[in-house]
Amino acid sequence: MTPPRRRYPTDLTDTQWRILAPLIPQPKPGGRPATHDRRELVNAMLYWLRSGCAWRLLPHDLPPWRTVYHYWRVWRRQGLWERILGVLRTQERILKGHKPTPSAGILDSQSVKTTEKGGRTASTAPRS
C-alpha cells in the first residue's frame, strides 16, 4: 500500500468532497477496475486549473496526466461540469434563502460592447 501523499492547497476538503462525490460518475461496471480514485482525479484537475500548468507538468504524486486529461475531456464533453455548477449554484441559493433559480437578470451598457459610431459607418471599407 502506498503512503498517503502530502496535501496540496487545491485539494478538496472532506466536506467539499461529500458535496461533490455524488455528482461525479462512478466507474462503469464490468471491464477493467478503476486504478485511480475519483477524488484524486478531481484533485489533480483542480491543481491543473489553479496552477495553469500544462497537463504534462502535473506532479508525479497525482494520477498520470494522460488519465486526468482523459477524464476531464470526457466529463467536459458530457456536460458534467455545467451540470455540477448548476447543482452547486442551486444548493447555494437555497442555503442563502433564495429561490433555486434567479427571477431577474441585469444587463447594463458597460457589459455589452458595441462600436463607437454604430451602424454601417463603423465597418471597414472593402479593399479594391
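Between Ile19 and Gln91 the shortest side-chain heavy-atom distance falls below 4.5 Å. Two residues are said to be in side-chain contact when any heavy atoms from C-beta on lie closer than 4.5 Å; Arg38 and Trp17 meet this criterion. Pro27 places none of its side-chain heavy atoms less than 4.5 Å from the side chain of Arg32.
Under the salt bridge (charged side-chain N to carboxylate O under 4.0 Å, His left out) criterion, Lys99 pairs with no residue at all, not counting sequence neighbours. Partners of Pro100 by side-chain contact (heavy atoms from CB on, under 4.5 Å), not counting sequence neighbours, listed by chain and number: Thr90, Ile94. Every side-chain contact (heavy atoms from CB on, under 4.5 Å) that Lys96 has, sequence neighbours left out, goes to Glu92, His98.
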May I have the list of side-chain donor-acceptor pairs in residues 39-62 shorter than 3.5 Å, sequence neighbours left out?
from, atom 1, to, atom 2, distance (Å)
Arg39, NH1, Asp14, OD1, 3.0
Arg39, NH2, Leu12, O, 2.8
Arg39, NH2, Thr13, O, 3.4
Arg39, NH2, Asp14, OD1, 3.0
Glu40, OE1, Arg5, NE, 2.7
Glu40, OE1, Arg5, NH2, 3.3
Glu40, OE2, Arg5, NH2, 3.1
Glu40, OE2, Asn43, ND2, 3.3
Asn43, OD1, Leu12, N, 2.8
Asn43, ND2, Arg39, O, 3.4
Trp48, NE1, Cys53, O, 3.1
Ser51, OG, Tyr47, O, 2.9
Ser51, OG, Cys53, N, 3.2
Asp61, OD1, Tyr8, OH, 2.7
Asp61, OD2, Tyr8, OH, 3.2

Please tabulate, one pair per line, all N/O donor-acceptor pairs under 3.5 Å involving side-chain atoms of residues 75-83, not counting sequence neighbours.
from, atom 1, to, atom 2, distance (Å)
Arg83, NH1, Gln78, O, 2.7

- Give the intermediate values and the outcome of side-chain contact (heavy atoms from CB on, under 4.5 Å) for residues Ile24 and Ile84. CA-CA 8 Å; Ile24 302 294; Ile84 288 174; 3.8 Å; yes
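Both Trp72 and Leu88 are part of a single hydrophobic cluster, where members link through side-chain heavy atoms under 4.5 Å apart. A continuous path of ILVMFWY side-chain contacts below 4.5 Å connects Trp65 to Val74, so both sit in one hydrophobic cluster.
Evaluation of the side chain to side chain donor-acceptor pair (under 3.5 Å) test over residues 18-30, restricted to residues two or more places apart or in two chains, returns Thr15-Arg18.
Between the OG1 atom in Thr101 and the CZ atom in Arg89 there is a gap of 10.0 Å [rounded to 0.5 Å].
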